[in-house]
Amino acid sequence: MYNPNRPLISSAAAGISGIVLALIGAPWWLTALAFTCFALGLLVTAIQSVFPQESAHRLA
């Protein structure tokens, strides 16, 4: 889960390094799938930071 007190770049760096270590020697399609999932995760995090989750409109 994303920690709002931790900068996004450090979360991304930790995730990328973990994926790279896990995929050394893996087939190309598995590597592409892992990076696609990681990119989608970053996209969801970016969208959640743009749209407020606890706005008055949403609470009503």
Side-chain angles (χ1 to χ4, degrees):
M1 178 172 236
Y2 176 69
N3 181 356
N5 296 326
R6 183 177 183 186
L8 181 60
I9 191 67
S10 63
S11 298
I16 290 171
S17 63
I19 288 173
V20 168
L21 287 175
L23 294 176
I24 291 176
W28 70 267
W29 56 268
L30 185 61
T31 305
L33 179 67
F35 279 113
T36 302
C37 292
F38 184 72
L40 286 174
L42 286 179
L43 179 65
V44 167
T45 302
I47 289 173
Q48 285 179 346
S49 68
V50 171
F51 296 105
Q53 298 296 315
E54 297 184 15
S55 64
H57 169 262
R58 194 168 179 136
L59 294 174

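Values reported hereafter were calculated over all heavy atoms of this structure, with side chains retained and with hydrogens, waters and symmetry mates removed.
- Between the CD1 atom in Ile47 and the CG atom in Leu42 there is a gap of 11.0 Å [rounded to 0.5 Å].
- As a member of the Ile/Leu/Val/Met/Phe/Trp/Tyr network built from side-chain separations under 4.5 Å, Val44 groups with nothing else and remains a singleton.
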Show every donor-acceptor pair shorter than 3.5 Å between a side-chain atom in residues 26-39 and any protein atom, with sequence neighbours excluded, or say none if there are none.
| unit_1 | atom_1 | unit_2 | atom_2 | d |
| --- | --- | --- | --- | --- |
| Thr31 | OG1 | Pro27 | O | 3.2 |
| Thr36 | OG1 | Ala32 | O | 2.7 |

